[in-house]
Visitor: 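After the structure tokens below, expect a handful of questions from me.
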Protein chains: 2
Amino acid sequence: MKIGIINIGDELLSGKILNSNQFDLSRLLQPLGHSISFGLVVGDDVKALGQALDWVLAKSASGDSMAMVDILVLTGGLGPTRDDLTREAVASYLKVEMQEDAKAMEWLSAFLKKPAAEIPLGQRVQATVPAGTEALRNPVGTACGFRGIINGIPVYAFPGVPAELKTMAALHLLPALPQTQILLERSLWTFGWSEGSQSSAFASLKLLEPFRFSSLPNQKGVNITLSCLVNIADRESRERDLDFLWQKLIDAMPPEAIVDLDGAPITLAVQKLLQTRKAKVSVAESCTGGGLAVLLTELPGSSEVFEKGYLTYSNQAKTDLLGVDAKILAVHGAVSEETALAMLQGCLNRSGADYACAITGIAGPGGGSEDKPVGSVWIAVGSRKLSVARRFHFRGNRSEVRSRSSFTALNLLRLLISEKLN
Amino acid sequence: MKIGIINIGDELLSGKILNSNQFDLSRLLQPLGHSISFGLVVGDDVKALGQALDWVLAKSASGDSMAMVDILVLTGGLGPTRDDLTREAVASYLKVEMQEDAKAMEWLSAFLKKPAAEIPLGQRVQATVPAGTEALRNPVGTACGFRGIINGIPVYAFPGVPAELKTMAALHLLPALPQTQILLERSLWTFGWSEGSQSSAFASLKLLEPFRFSSLPNQKGVNITLSCLVNIADRESRERDLDFLWQKLIDAMPPEAIVDLDGAPITLAVQKLLQTRKAKVSVAESCTGGGLAVLLTELPGSSEVFEKGYLTYSNQAKTDLLGVDAKILAVHGAVSEETALAMLQGCLNRSGADYACAITGIAGPGGGSEDKPVGSVWIAVGSRKLSVARRFHFRGNRSEVRSRSSFTALNLLRLLISEKLN
């Protein structure tokens with residue numbers, strides 16, 4: 001089914017709050033093979049919502065691919081305050097009256113634990129719906145939703161409070177959807193492989209409908225996904241086609257760039273590698289101030305692989321906590337290969353861990369020089385057998401330099417532990 | 001000016017990523033008195049984007065209030081990969097060819113530090129724009145943007161990577177907008193003061209147009225804002241009215257709940273307090289795994305106040321690094337007042353810092369018991385003169401428990417240093 005979403009609320013347009021409702025609905029519907037045709041955000045405005053309804057319903061009738069939907073979901077504007085206008089807007093579009101719904105009043109009375117007669121008028125409005133539509137129970141809030149058929153298209157209206165929306169969509173929308181299609185998906189993360197190189201590597205691969213490719217970069221790396229929406233009856237043969245194409249993509253990737261063949265993100269991938277080897281890791285962090293340790297302890301089970309770490313922000317701390325020779329710091333500076341390797345050795349020796357990582361760099365905005373500009377970071381990783389230090393120059397502001405340093409360090413740990421460091 | 005936004009990307013519709021671009025643009029434009037008419041999200045699809053353009057431009061011509069815009073902003077789909085189709089979609093809508101832009105190639109070549117001839121074809125596409133539009137420089141990424149007039153309406157296309165979008169909108173869009181109104185705003189953070197108590201405290205205060213109040217809770221506390229959008233000519237008198245009302249709000253707040261009267265968020269507030277006293281802080285972290293240290297080193301200048309910290313995830317680490325008596329751990333457990341205070345003492349003694357904080361708790365999802373359920377966290381803060389430990393029970397998943405622990409610890413440090421701990 002193709003589903004359209006209209007989110008209603010001035011606060012969504014004014015930058016007051018980030019709209020998570022489109023995202024949440026997609027996360028609920030996508031795995032069941034339904035797709036979101038579009039997401040539209042409009043303000044708390046009867047006229048604007050009327051125009052939006054008009055647009056969707058007219059486009060659906062004319063068969064335009066983008067706005068054509070099988071179902072339309074409205075979120076927001078059902079609360080008790082004066083800026084909640086979704087009920088009125090739909091009633092006005094349908095040219096019907098609003099009416100108090102008896103069932104909805106019972107729900108509201110039960111939710112507020114008050115007889116209906118004692119509920120103030122301002123609250124009672126949450127039990128009204130446009131005439132001819134059906135009230136939908138909200139088990140986790142005061143405002144009921146409603147559903148009706150408008151111009152032949154089922155329209156659902158749910159409250160905009162995220163927890164209420166998710167509960168009501170699961171309760172009222174999901175059971176009403178036929179499940180005839182399913183989304184098949186293969187996905188993995190790459191790290192340290194530019195999207196430019198990726199584009200060249202994949203250039204000769206042809207992808208025809210219904211297969212869709214996506215490449216999404218963020219600080220964790222690049223998430224590569226191959227997916228197709230298929231009829232349930234075709235599932236088996238499409239799984240085979242998908243696996244065949246997926247393997248072609250994998251074959252075109254440099255093996256060391258693949259974080260985990262099963263799709264684990266880098267934090268989980270490193271934890272899995274350490275768990276498999278029953279090994280522990282320790283860290284010595286300067287400019288990242290604990291950012292790498294936060295990643296290493298992000299997931300349940302991290303106590304199996306991480307016991308201790310050293311935050312050595314100042315030179316003195318590097319000497320006190322890690323035994324870095326003051327001469328090394330004086331001669332080469334805190335941001336140098338020598339210091340990174342000395343921090344690493346101190347960390348390995350003092351922690352007793354099997355693997356370690358040391359980070360020292362200039363996060364900025366101050367502290368840079370021509371020689372060592374802001375963003376210069378030395379990262380050393382090592383075990384009892386092997387130590388390697390690499391110099392990086394990360395772009396971006398202080399927070400980006402710190403985050404990139406932590407994720408790059410994690411990736412070097414991944415390469416070290418899986419013996420792919422070269 | 002009325003501004004419309006179209007965000008382009010399958011990942012925005014499929015629940016892969018949360019759309020923050022609409023939000024960021026609103027935050028940029030709103031304070032200058034501009035408003036967002038609508039936000040529309042469509043997939044990476046030439047036809048869908050064409051229909052969306054058609055809709056906006058037709059509605060703008062017909063004067064429909066909702067979709068009528070003075071300026072249209074497109075975000076996303078400008079990268080080098082095969083799912084990046086915005087350039088093609090606009091070219092196809094305009095019935096023009098794509099062409100490589102000489103200036104954009106220079107920018108790309110400078111950004112990649114490579115002669116143009118050595119840039120692979122996959123990357124070069126990022127320097128192409130629809131014929132007749134003007135390439136816009138992207139100082140923080142590889143994909144250029146572009147602007148053109150379509151059906152009389154200025155259309156800007158920017159990359160979808162949030163940092164690139166924000167930079168380019170500030171660089172190219174803001175200077176093109178007239179400024180006749182201005183948003184005046186007073187804002188501060190509270191911490192540890194529930195929105196229910198706030199609502200009671202503020203109940204008797206009346207706010208008339210154009211003054212708007214907002215209260216937005218997040219992990220950093222609750223951000224309280226009083227604002228008004230005014231004509232530039234009225235600015236002075238409105239500033240006075242705003243200051244008068246703002247003082248009334250402040251007078252109704254418990255002083256210890258106010259993070260910083262000048263509006264600094266909690267990270268900056270703590271750093272300022274330490275800098276004023278020329279004091280250092282150290283940390284001993286267990287369940288937060290470095291999360292508090294990350295906050296303490298988030299801002300430039302943090303090296304003046306933070307030198308070292310101890311990540312003691314296991315019991316052994318608490319003994320090795322902080323000298324916590326193994327008996328205390330055996331008798332009271334790692335998550336106890338006694339352990340938190342012993343970690344604090346070890347941290348103060350070994351670091352030599354003026355102030356310290358120790359955190360030990362159960363982040364979950366495993367490890368909880370009836371006595372100490374998941375979310376139980378002991379936080380101790382202290383100086384040479386005073387030590388205090390508090391027990392908390394944080395709701396939420398592992399990541400929320402960790403984040404709440406770190407911010408609550410930071411707030412206890414704030415109260416300790418400013419001598420408001422009671």
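Given the structure is predicted, the values throughout are model-derived calculations rather than measurements. All chains are named by letter (A, B, ...) in the order of the sequence lines, taking the proteins before the strands, and each is independently numbered beginning at 1.
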Visitor: Just so I understand: if I count every heavy-atom pair under 4.5 Å between each of A:Pro365, A:Gly367, A:Gly291 and chain B, which residue has the most?
Guide: A:Pro365
Visitor: Quick one: does A:Phe38's side chain get under 4.5 Å of B:Gln51's, heavy atoms only?
Guide: no
Visitor: Heavy-atom pairs under 4.5 Å with chain A: which of B:Ser20, B:Gly289, B:Pro162 has the most?
Guide: B:Gly289
Visitor: When you look at CZ of B:Arg350, are more than 12 heavy atoms from neighbouring residues, nucleotides or ligands closer to it than 6.0 Å?
Guide: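 Count over threshold, so yes.
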Visitor: Can you tell me which of A:Asn315, A:Leu296, A:Leu18, A:Thr288 forms the most heavy-atom pairs within a distance under 4.5 Å of chain B?
Guide: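 Heavy-atom pairs under 4.5 Å are most numerous for A:Leu18.
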Visitor: Which atoms of B:Glu307 are under 4.5 Å from chain A, going by heavy atoms: the side chain, the backbone, both sets, or neither?
Guide: both
Visitor: Given a strict heavy-atom distance threshold of 4.5 Å, which part of B:Leu12 is in contact with chain A: side chain, backbone, both, or neither?
Guide: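 For B:Leu12, the contact with chain A is made by the backbone alone.
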Visitor: When you measure from the side chain of B:Arg402 to the backbone N and O of A:Thr297, does any donor-acceptor pair fall under 3.5 Å?
Guide: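 Present.
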Visitor: Less than 4.5 Å to any heavy atom of chain B: does that hold for the side chain of A:Glu185, its backbone, both, or neither?
Guide: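 A:Glu185 touches chain B through side-chain heavy atoms alone.
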Visitor: Give a yes or no on this: more than 12 heavy atoms of other residues, nucleotides or ligands lie within 6.0 Å of atom CG of B:Leu121.
Guide: no
Visitor: Assess whether side-chain hydrogen bond (donor to acceptor under 3.5 Å, both in side chains) is satisfied between A:Lys16 and B:Ser214, documenting all intermediate values.
Guide: CA-CA 9 Å; A:Lys16 281 272 165 200; B:Ser214 85; 2.7 Å; yes
Visitor: Considering only heavy atoms and a distance below 4.5 Å, find which of B:Ser14, B:Ser399, B:Ala293 pairs most often with chain A.
Guide: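 Among the listed options, the one with the most contacts to chain A is B:Ser14.
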Visitor: Please classify the contact of B:Asn223 with chain A as side chain, backbone, both or neither, using a heavy-atom distance under 4.5 Å.
Guide: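 It is neither, since no heavy atom gets under 4.5 Å.
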Visitor: Have A:Ser302 and B:Arg398 got a donor and an acceptor in their side chains that come within less than 3.5 Å?
Guide: yes
Visitor: For the residue pair A:Leu321 and B:Tyr310, establish whether any side-chain heavy-atom pair is separated by less than 4.5 Å.
Guide: yes
Visitor: With a 4.5 Å cut-off on heavy-atom pairs, point out which of A:Glu11, A:Gln22, A:Glu298 contacts chain B the most.
Guide: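 Of the options given, most contacts go to A:Glu298.
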Visitor: Side chain, backbone, both or neither: which part of B:Val161 has a non-hydrogen atom closer than 4.5 Å to chain A?
Guide: neither
Visitor: So what's closer than 4.5 Å to chain A heavy atoms on B:Val140: side chain, backbone, both or neither?
Guide: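 Contact with chain A: none, neither part.
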Visitor: Between A:Ser286, A:Ser26, A:Ser351, A:Ser227, who has the most heavy-atom pairs with chain B when the cutoff is under 4.5 Å?
Guide: A:Ser26
Visitor: Grab the two heavy atoms, one from B:Tyr313 and one from A:Phe306, that are nearest each other, plus how far apart they are.
Guide: CD2-O, 3.4 Å
Visitor: Which residue out of B:Ala363, B:Gly79, B:Pro120, B:Ser303 racks up the most heavy-atom pairs below 4.5 Å with chain A?
Guide: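 Counting heavy-atom pairs under 4.5 Å, the top option is B:Ser303.
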Visitor: Under a 4.5 Å cutoff for heavy-atom pairs, which residue among B:Pro80, B:Pro300, B:Gly122 has the most contacts with chain A?
Guide: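 Highest number of pairs under 4.5 Å: B:Pro300.
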Visitor: Looking at A:Asn7, A:Asn19, A:Thr225, which has the largest count of heavy-atom pairs under 4.5 Å with chain B?
Guide: A:Thr225
Visitor: How many angstroms lie between atom NZ of B:Lys308 and atom NZ of A:Lys318, to the nearest 0.5 angstrom?
Guide: 11.0 Å
Visitor: How close do B:Asp10 and A:Arg212 get, heavy atom to heavy atom, and via which atoms?
Guide: OD2-NH2, 2.7 Å
Visitor: Measure the CG-CG distance between B:Asp83 and A:Leu216 for me, rounded to the nearest 0.5 Å.
Guide: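 So the CG of B:Asp83 and the CG of A:Leu216 are separated by 7.5 Å.
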Visitor: Under a 4.5 Å cutoff for heavy-atom pairs, which residue among A:Ile17, A:Leu295, A:Asp320 has the most contacts with chain B?
Guide: A:Ile17
Visitor: Under 4.5 Å heavy-atom distance to chain B, tell me which part of A:Leu322 shows up: side chain, backbone, both or neither.
Guide: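 Neither part.
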Visitor: Considering only heavy atoms from C-beta outward, does the side chain of A:Ser35 approach that of B:Leu13 to under 4.5 Å?
Guide: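 A:Ser35 does not reach B:Leu13 side chain to side chain.
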Visitor: Just wondering, are more than 12 heavy atoms of other shown residues or ligands nearer than 6.0 Å to CZ in B:Arg124?
Guide: yes
Visitor: Just so I understand: if I count every heavy-atom pair under 4.5 Å between each of B:Leu112, B:Thr312, B:Leu299 and chain A, which residue has the most?
Guide: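 Winner by heavy-atom pair count: B:Leu299.
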